[in-house]
Amino acid sequence: MRKTPKEYAALIREKSTVIPKVALVLGSGLGDLGEQVENAVAVDYGALPGFPVSTAPGHKGRFLLGTLGGKPVVCMQGRLHFYEGHSMEDVILPIRVMRQLGAEILILTNAAGGINTSFSVGDIMLIEDHINFMGRNPLVGANDETLGCRFPDMSFAYSPELRDLAERCAEKVGTRLCKGVYLACSGPSYETPAEIRAFRTLGADAVGMSTVPEVIAANHCGMRVLGFSLISNMAAGILQQPLSEEEVLEAGRRKGAEMQRLIVEILQNL
Ligand code: HPA
């Protein structure tokens, strides 16, 4: 049986006294940042009764609580995806748990396909806004007024102040940041070339299979959000070659360290 976010937060608090200021969701191939968390306490999703577990490649499936960049943090090393068969409610459960633990800011990373043809593999895109093409909204159903309101505003879903900070930090650490709109599909199949052409017309710069439900839930419960996409491949049809899961993980291995330096710099400056 699923427990409530409050109940899961209470179980986690039995293992760690850290009151996180920032929650981090570490995406495909980017989970290594967790290794830098100081005085880390790990809580496996599987150790929490009834908690959904992640099966995606490159995702460990645990919370890590500790200190990073001098700030108390909770990390999700491994997120839950809709394409794994999880309900939307389960996909956003960890976000609500991390909010209950005290986190006020959510930083997310993901691997994404580049739609904007001025992007190259290995680029890091600061997410300015998103398009929800998953066909679902994670807040459908009865609204819990103790978490947030029925019709949350999404005008500033990706905090303008945090984006400014990210740009300043990127300059300082020498990371070139692209900026753009992230479009989320449910997956698990990659998109067709026709879909990618259509998404480009709609204003999307990158495409992936995550992040949007978590961002909606975080805005609903009053968190400020910052998101980054690592362009792990060019989206379908742009290059005359098929897409593979391996190139997605490889991009994380190549550019993960740079993404980590940027995030630590941001944490230090919060
Ligand atoms: N499409 C969807 N999701 C992705 C991609 C892609 O090209 N690359 C990494 N995640």
Side-chain angles (χ1 to χ4, degrees), residues 24-33 54-61 76-86 88 91-92 107-136 138 158 177-216 227-260 262-263:
L24 293 132
V25 180
L26 309 176
S28 298
L30 299 166
D32 285 357
L33 181 57
S54 71
T55 61
H59 288 250
K60 279 203 169 115
M76 279 180 79
Q77 241 180 349
R79 57 151 58 88
L80 305 165
H81 300 83
F82 187 55
Y83 68 69
E84 294 174 80
H86 298 297
M88 275 291 178
V91 169
I92 63 169
I107 302 179
L108 307 107
T109 63
N110 61 48
I115 293 181
N116 185 326
T117 51
S118 76
F119 291 176
S120 307
V121 170
D123 280 350
I124 298 174
M125 185 186 89
L126 174 64
I127 306 178
E128 294 186 299
D129 205 347
H130 73 222
I131 297 173
N132 182 6
F133 228 82
M134 286 185 147
R136 303 282 178 95
Y158 299 81
L177 271 191
C178 317
K179 292 191 269 185
V181 172
Y182 176 90
L183 182 147
C185 290
S186 74
S189 58
Y190 288 115
E191 303 71 33
T192 64
E195 286 166 343
I196 294 303
R197 286 194 298 275
F199 295 162
R200 186 178 300 122
T201 310
L202 291 176
D205 297 291
V207 61
M209 304 175 191
S210 68
T211 304
V212 163
E214 293 119 300
V215 171
I216 293 172
F228 298 97
S229 291
L230 172 60
I231 305 300
S232 57
N233 57 283
M234 293 311 288
I238 295 180
L239 307 176
Q240 300 312 310
Q241 63 188 47
L243 273 51
S244 78
E245 180 190 309
E246 182 46 38
E247 67 182 331
V248 173
L249 297 178
E250 173 58 24
R253 284 192 285 271
R254 271 195 309 117
K255 296 288 284 195
E258 189 176 342
M259 186 91 114
Q260 287 170 26
L262 173 60
I263 290 175

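In this text the structure is predicted, and so the values were computed from the model without any measurement. Just follow the structure's listing: the first ligand is 1, and inside any ligand the first atom is 1.
To the nearest 0.5 Å, atoms SG (C178) and CZ (F119) are separated by 4.5 Å. A distance of 6.5 Å separates OH of Y158 from OG1 of T211, quoted to the nearest 0.5 Å. The distance from the CD atom of Q77 to the CG atom of L24 is 10.5 Å, given to the nearest 0.5 Å. Rounded to the nearest 0.5 Å, atoms OG1 (T109) and CE (M259) are 5.0 Å apart. In this structure, OG1 in T192 is found 7.5 Å from CZ in R197, a value given to the nearest 0.5 Å. Atom OG of residue S210 and atom CZ of residue F82 lie 13.5 Å apart, to the nearest 0.5 angstrom.
Panel note: side chain Y83, backbone C185; no donor-acceptor pair is recorded below 3.5 Å.
In summary, the atoms of ligand 1 found under 4.0 Å from a heavy atom of V207, numbered by their order in the structure, are 1 (N), 2 (C), 3 (N), 4 (C), 5 (C), 6 (C). For ligand 1 and L243, the ligand atoms under 4.0 Å from any heavy atom of the residue are 7 (O). Here is the list of ligand 1 atoms found below 4.0 Å of a heavy atom in S232: 8 (N), 9 (C). Proximity to A111 (heavy-atom distance under 4.0 Å) selects the following atoms of ligand 1: 9 (C), 10 (N). Those atoms of ligand 1 that come under 4.0 Å of a heavy atom in N233, given as number and element, are 5 (C), 6 (C), 7 (O), 8 (N), 9 (C).
Nearest non-hydrogen protein atom to atom 5 (C) of ligand 1 is G113 N, 3.4 Å. Protein heavy atom in closest approach to atom 3 (N) of ligand 1: G208 CA, 3.3 Å.
Looking at E191 next to ligand 1, an N or O pair under 3.5 Å apart turns up.
Under 4.0 Å from ligand 1, not a single heavy atom of A236 appears.
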